[in-house]
Amino acid sequence: MKKMLWLFLLTGIAATAQRNLTIQEATYGQYQAFAPKSLVSPHWRPDSNTLTYLNDTYAVLMARSESSNWNETTLLTKDELLNALRVKFPEVKFAMQIFPYGYSWIDKSTIAFDANTEALNYIVHYNVDTKNIVAAFPYIQGGQKFVSPDGKYLASTNENNLQVTDTNGKVIAVTNDTDKGIVNGSDYVHRQEFGINRGMWWSPNSDKLLYYRKDETMVAEYPLVQWSERIAASNDIRYPMAGMKSEEVTLVVYDIKTGNKVTLKTEGDKEQFLTTVTWSPDGKYAFVGVLNRGQNHLKLNKYDAANGNFIKTLFEEKADTYVEPLHDLTFIPGKNDEFLYRTEKEGYEQLYHYNTDGKLIKKLGYKDVVVTGLLEFDAKAKNVYYIGTANNGLDRQLYKVELRSGKTTQVTTASGTHSIEMSNNATYALDSFSNIDTPNKVSIINLSNNKTNTLFSAENPYTGKTVLPKMELVTVTAADGKTPLNGRLIYPADFDASKKYPVMLYVYGGPHAQLVTNEWLGGASLFDYYMAQQGFVVFTLDNRGSDARGRDFEHVIHRQLGQNEIADQMKGIDYLKAKQFVDQDKIGVYGWSFGGFMTTTLMTTYPETFKVGVAGGPVIDWKFYEIMYGERYMDTPQENPEGYAKTNLIDKAKNLKGRLLMIHGAQDNVVVQQHSMEFIQACIAAGVQVDYFLYPTHEHNVRGKDRFHLNQKIADYFDIYLKK
């Protein structure tokens, strides 16, 4: 009897624990309280077949090795690092609440990490065997910073200039430009398009530094109003709008020993784009992708690093739509004259094996697989591993391709998303796997025989805490009548097929984004599930123009943004309307950035269908958007006036009938506030009511604790105007 009473009490406790998500949990919970168990910051220790990661307290660096049969051991603690810092810098007070999350291995014995003080910040090199600091470079917070391959120099940006610091703390000013419109060494070049994520590159033997020099003095200044001042002030940024003057960029080689500088002779249109910057392994040459402003003609050029002279064009890419280089060259280990190049020129982004004379050695593509991540070569560089798509773009799998024959093998097979961390000699791979039924399964794969050692399988983190509504992945045929599109349908909580439910369509729809994936939660945010718990059908569709489905799937958007994308989204609406449980009179839409553009387009193009919308940071007129992204897809306003007119939502404001909430960050330097203000003014002129909300201190998105406020506002808007 007592046992039965105890079981009853336990059942009662579990039942009361089941509740809906709070708005705070819906905002960040999937990364915090509801994050499935995983290895934190895992990295392979070079040349050792040892995996390292942080423990549950984030204070200890743990290790699992082949020699210990993958059992867990302690390698290093936060306190040991702090003690070493205090010995090295007895007068400096360091703050270190956790073991440095961003640590990295630079060789078998040495880790690099950031250490912060009130006065200075340091990049520290620590030997885990001898337990001492072997190098420490002070740097200024913010900007770019890179240590040379030999560990003797740190290159870093100081505002718009570039400097080099040696191990003795001596600082060498590489540039001294007083005009803030001249920017050196920054990764914020060409608006960080074309895969640009750094602004400087050390030569392999550490004797030269190659860097971007950006001249944006000719680009129009754009005011961002700072409201926190006693009298509001203007923060002027350089913003190159479509069809207007663009920045002029060059590449400079700085010789560490002589202090001499050489500018690569990337002659041509001053407004061209310089991408895919790569040193040759011997440090003699620099390779640069030179892309015209029209973004339909790329030349991969070779330059002499000693004098900057142009040597030759290895190959060219041309397209009727656009060419979009996104990756540096990857040289074959042990070879100065052979490299891998990634391009979608034949339909799917895949690997091509070239030599430095521009000769194609081998195409390494496989079926319709899109390469999403290039990993490692094996020990003898006979094979290379990469992550690629499968299952109509829903899955991510590990592949191996033999360089000589081009034979490709799919290494992982379970349908879902495989996130891979590979040892540097491709002996082992850490596989973190999830799909819509699997929160996270972490395994180590022996790549020589494909045997798998499972470290753990994460439990469902929502069990006993909240009941997530049912979610399923669906397929909808595109407006072209043939292309299958991936969709995600989240049913309302306590779903009853005999009832009618309102719909929230969550949309992005633009290039380089994929919202629907075969991973835990189906790629959705917890906010989507929160809205389903509030009684909404939540639906998302990856229309043509979105990512991971190949060139032709994306390029249908060229010169007519929003047209095919909207047509596909309406096929998704037809799919929903065929469901008996969907209330066809209560359909709403929400999206941000390109999704804000899509939301506003849907609201003004199909006002009889969409009753409520929330458009965050929306593009309203593409002529107000920046050159690098905007002209890739739309060309210039002068070249494509019909396309710009067709996508201009200012002219469509008069069509608005439903309730539209437009949200913008006042400091948005991506989609400037002028977009939404022009739309609001057009609504006023047309006598159309529209709601507007501004986040005064935020840029293109609302981050931090203010995102609670944003999500609550969105949820309330749908609750008031669509649900009730």
Side-chain angles (χ1 to χ4, degrees), residues 39-54 60-65 75-78 80-85 87-89 94 96 98-116 120-139 143-157 164-169 185 187 197-210 256 278-279 281-283 328 330-331 333-334 374-377 379 420-430:
L39 292 185
V40 179
S41 193
H43 297 289
W44 288 94
R45 187 172 177 176
D47 305 319
S48 67
N49 293 329
T50 298
L51 179 69
T52 62
Y53 54 93
L54 304 190
V60 181
L61 187 65
M62 309 301 294
R64 294 177 188 258
S65 66
L75 180 63
L76 187 63
T77 69
K78 176 196 71 173
E80 287 178 294
L81 291 184
L82 273 175
N83 289 336
L85 287 168
V87 171
K88 179 77 173 180
F89 303 100
F94 287 90
M96 189 179 290
I98 65 172
F99 192 97
Y101 182 88
Y103 81 95
S104 62
W105 288 96
I106 59 177
D107 59 40
K108 183 178 180 179
S109 299
T110 312
I111 62 168
F113 62 92
D114 281 16
N116 302 321
L120 274 176
N121 302 289
Y122 295 84
I123 291 180
V124 180
H125 289 182
Y126 178 90
N127 188 301
V128 299
D129 297 325
T130 62
K131 305 289 185 182
N132 72 302
I133 292 171
V134 294
F137 300 95
Y139 69 92
Q144 292 268 287
K145 56 185 188 298
F146 292 102
V147 176
S148 59
D150 65 4
K152 294 181 179 180
Y153 302 100
L154 171 71
S156 61
T157 52
V164 170
T165 307
D166 66 16
T167 52
N168 296 318
D187 63 332
N197 58 15
R198 61 191 303 167
M200 63 185 87
W201 299 261
W202 283 105
S203 62
N205 52 9
S206 304
D207 63 337
K208 293 181 176 65
L209 181 67
L210 177 62
I256 296 296
T278 311
W279 280 101
D282 58 12
D328 299 348
T330 301
F331 274 84
L374 182 59
L375 299 176
E376 294 283 348
F377 295 89
I420 301 292
E421 185 81 16
M422 187 170 286
S423 62
N424 67 316
N425 56 7
T427 303
Y428 290 98
L430 175 71

Is there a side-chain contact between Tyr103 and Leu54 (heavy atoms, below 4.5 Å)? yes
Can you name the nearest heavy-atom pair linking Lys208 to Trp279, along with the distance? CB-CH2, 3.9 Å
For residues Leu82 and Thr77, determine if any side-chain heavy atom of one lies less than 4.5 Å from a side-chain heavy atom of the other. no
Taking all atoms of both residues into account, what is the closest heavy-atom pair of Phe377 and Ala426, and its distance? O-CB, 3.4 Å
Has Thr167 got a side-chain atom pairing as donor or acceptor with Ala135's backbone, closer than 3.5 angstrom? no
Using 0.5 Å steps for rounding, measure from the CD1 atom of Ile133 to the CG atom of Asn127. 11.0 Å
Do Asp47 and Asn424 meet the criterion of a side-chain donor-acceptor pair at a distance under 3.5 Å? yes
Rounded at 0.5 Å granularity, tell me how far CH2 in Trp202 sits from CG in Asp207. 9.0 Å
To the nearest 0.5 angstrom, please state how far the CH2 atom of Trp44 sits from the CG atom of Leu430. 6.5 Å
For Asp150, check side chain to side chain contact (heavy atoms under 4.5 Å, CB included) against everything at least two apart and list the hits. Ser148, Lys152, Tyr153, Ser206
Ignoring hydrogens and geometry beyond distance, is a side-chain donor-acceptor pair present between Asp129 and Ser109 at under 3.5 Å? yes
Side-chain heavy-atom pair Ile106, Val147 within 4.5 angstrom cut-off: no
Tell me whether Thr157 contacts the main-chain N or O of Gln144 through its side chain, where contact means a donor paired with an acceptor under 3.5 Å. yes
What heavy-atom pair brings Phe146 and Arg198 nearest, and what distance separates the two atoms? CD2-NH2, 3.2 Å
I'd like to know if the side chain of Thr52 and the backbone of His43 have a donor-acceptor N/O pair within less than 3.5 Å. yes
All heavy atoms of Pro42 vs all of Tyr53, minimum pair found to be CA-CB, 4.0 Å
Non-neighbouring partners of Asn205 that pass side chain to side chain donor-acceptor pair (under 3.5 Å), sequence neighbours left out: Ser203
Check ion pair Lys145-Asp114 (N to O, under 4.0 angstrom): yes
Quick one: are Phe113 and Met96 in side-chain contact, heavy atoms under 4.5 Å? yes
What is the distance from atom OG1 of Thr330 to atom CD of Glu376, rounded to the nearest 0.5 Å? 10.0 Å
What verdict does the side chain to side chain contact (heavy atoms under 4.5 Å, CB included) test give for Leu75 and Arg45, after you've listed the backbone C-alpha separation in whole Å, the side-chain angles of each residue and the deciding distance to 0.1 Å? CA-CA 11 Å; Leu75 180 63; Arg45 187 172 177 176; 3.8 Å; yes
I need the Glu80 CD to Asn132 CG distance, nearest 0.5 Å. 12.0 Å
Answer yes or no: are there more than 12 heavy-atom neighbours, outside Lys108 itself, under 6.0 Å from its atom NZ? no
Below 4.5 Å, heavy atoms only, C-beta onward: do Trp105 and Val128 meet side chain to side chain? yes
Quick one, Leu81 and Leu61 - any side-chain contact, counting heavy atoms below 4.5 Å? no
Restricting to side chain to side chain contact (heavy atoms under 4.5 Å, CB included), what partner residues turn up for Leu375, sequence neighbours left out? Tyr385, Ile387, Leu398, Ile420, Met422
Min side-chain heavy-atom separation Asn121-Asn116 under 4.5 Å: yes
Hey, could you give me the CG/CD distance between Leu51 and Glu421, rounded to the nearest 0.5 Å? 8.0 Å
Measure across Phe137 and His125 and return the closest heavy-atom pair with its distance rounded to 0.1 Å. CE1-CE1, 4.4 Å
Any side-chain heavy-atom pair from Thr278 and Phe331 closer than 4.5 angstrom? yes
On a heavy-atom basis, the closest approach of Ala155 and Met200 is CB-SD, 3.5 Å
